[in-house]
2 protein chains.
Amino acid sequence: MSDYISSNTMKRLPFYLEYLLKIRDEGIVNVSSKAIAVALNLGEVQVRKDLASISKNGRPKIGYEINSLIGDLQKFLGYKDLTDAVIFGAGKLGTALLDYNGFEECGLNVLMAFDSNPKKAGKSDSGKPIYTLDELPMIAKSMNISIAIIAVPAQHAQEVCDIIVENGIKAILNFAPVHLDAPKDVIIKNENLAYSLALLSIELKAKK
Amino acid sequence: MSDYISSNTMKRLPFYLEYLLKIRDEGIVNVSSKAIAVALNLGEVQVRKDLASISKNGRPKIGYEINSLIGDLQKFLGYKDLTDAVIFGAGKLGTALLDYNGFEECGLNVLMAFDSNPKKAGKSDSGKPIYTLDELPMIAKSMNISIAIIAVPAQHAQEVCDIIVENGIKAILNFAPVHLDAPKDVIIKNENLAYSLALLSIELKAKK
DNA sequence: TGTGTTTCGATAAAATAATATCGATAACTA
DNA sequence: TAGTTATCGATATTATTTTATCGAAACACA
């Protein structure tokens, strides 16, 4: 167990977890770094290094004990103590995220959405509440929202970002295709769907 | 103009473009690497290196000419010749992507969706067609689909992936939270929304 | 025309990440 | 029990990415 974990390593950890869960279902109890490497298309040394940073030793000839590895991964990834998140923008993407059921197993509790349009207020398909934007200050005060997800059109993203920051939320996942300005102590992650696709298209062209 | 461009650089390029478009609207015609660096929170040397890889020289004391820089970025990012993409899965996320209007400006033409459930077939809100999955072979034969977007539940993702590969599509953007197996010549990019959020939550916890 | 300032590109250095090598250890087998 | 093999962790090497340094080019202004 080392102290610092690189962001590249962190990005790979969920894939280890997913793979381990899958093969545990198949009844496997021990797994070698080589097997993981082959399955996920990684170097086996890289796998060992990644795992060493969050879990205890594997055993020569045997490999790693799946259950404890899964436990350590879940613990590190925080898939136990839930973090609260809210969504801004109750359009297609916003409601898709609101009703997406894959967050819980990653330790995330997506609670509600906000939209500036009062007509959108009410409940989502899965029954989660949608509030108007001006209800945010009150709600933010009464509960501890850790993460904001921006799913509004680009032209309103900065505006919404400012409101989020004003209400003391310190982490933002931004789906709008614009660069957001915020104080340095606010963590912003950009998740631009169009850019991801565009990069894929560039890679594809480069390969030909 | 160098030959190889790192993927990290590629990820930054869309942000340069977005920023340049914004300040061009404000009437600016020349910009220095320093100004860009400050605006986007990057190192100015890094900005110069990134730009050098896709555009021609800036001029000392003046900086870069915005218009030609924008042109080079758009050209490199392929935002001119459109690439065709289709979506698999016409649930919330799938239809959100189908009706999302930010792809065109990134050179992507999201044409249609496929769903195994015939009840979903028809038209999306924005009028794009939704077909049943068994219509894919015919359609794939008659047109050149470059990119597939997987937006189906995790348990069906591999199955759909196999079908996509069988139909000759060589690039996949995968939104399902599973690792997909595919031949090596197929490019797969994983875009797992829950993991992105989880990473944000981990960073947040680490900061405290 | 000459001097100062800004900004560039190129090269060098430092930091980070990925990969290869190798001795050690634990299990299996004869 | 001794030898063989699979697998690990640690260390070393290589590759990649970021950051720093510095001379030169272009403009401003005396």
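Here is how names work: the chains are called A, B, and so on, in the same order as the sequence lines, proteins then strands, and each is numbered from 1.
- Of the residues near DNA chain D, A:V45 and A:P60, the one whose nearest nucleotide (by heavy atom distance) lies more toward the 5' end is A:P60.
- One interatomic measurement links the two molecules: NZ of A:K61 to P of D:dT4, which rounds to 13 Å at whole-angstrom precision.
- What separates CG of B:D50 from P of C:dC8 is a distance of 13 Å, to the nearest Å.
- A donor-acceptor pair shorter than 3.5 Å cannot be found between the side chains of A:D84 and A:S146.
- Rounded to whole Å, the distance from CD on B:Q46 to P on C:dA15 is 16 Å.
- Contact check, B:R12 against D:dT17: no side-chain N or O comes under 4.0 Å of OP1 or OP2.
- In this structure, A:D185 pairs ionically with A:K170, as a charged nitrogen and a carboxylate oxygen lie closer than 4.0 Å.
- One atom, CG of A:N30, and another, P of C:dA27, lie 10 Å apart when rounded to the nearest Å.
- If you run side-chain contact (heavy atoms from CB on, under 4.5 Å) between A:S33 and each of A:R48, A:K49, A:Q46, only A:R48 comes through.
- Using a 4.0 Å cut-off, no side-chain N or O of A:R48 falls inside it from OP1 or OP2 of D:dA6.
- For C:dT6, the OP1/OP2 oxygens have no side-chain nitrogen or oxygen of B:Y64 closer than 4.0 Å.
- D:dG9 atom P lies 12 Å from atom CD of A:E44, rounded to whole Å.
- Atom C1' of nucleotide C:dA17 and atom CG of A:L42 are separated by 13 Å, given to the nearest angstrom.
- Taking atom CG of residue B:N41 and atom P of nucleotide D:dT18, one finds them 14 Å apart after rounding to whole Å.
- The phosphate of D:dT18 (OP1 or OP2) has a side-chain N or O of B:N8 nearer than 4.0 angstrom.
- Following rounding to the nearest Å, A:R59 (CZ) and C:dT25 (P) show an atom-to-atom distance of 15 Å.
- Taking only side-chain atoms of B:K49, from C-beta outward, the nucleotide of D:dT18, C:dA27, C:dA18 with the closest atom is D:dT18.
- Each of B:L20, B:I23, B:D50 was checked for a side-chain contact (heavy atoms from CB on, under 4.5 Å) with B:I36, and the lone residue meeting it is B:L20.
- Nucleic acid contact for A:S33: sugar-phosphate only, since backbone atoms but no base atoms lie under 4.0 Å from a heavy atom of the residue.
- The side chain of A:N57 contributes no N or O atom lying less than 4.0 Å from OP1 or OP2 of D:dC8.
- With respect to the salt-bridge test (charged N to carboxylate O, under 4.0 angstrom), the residues A:E65 and A:R59 do not qualify.
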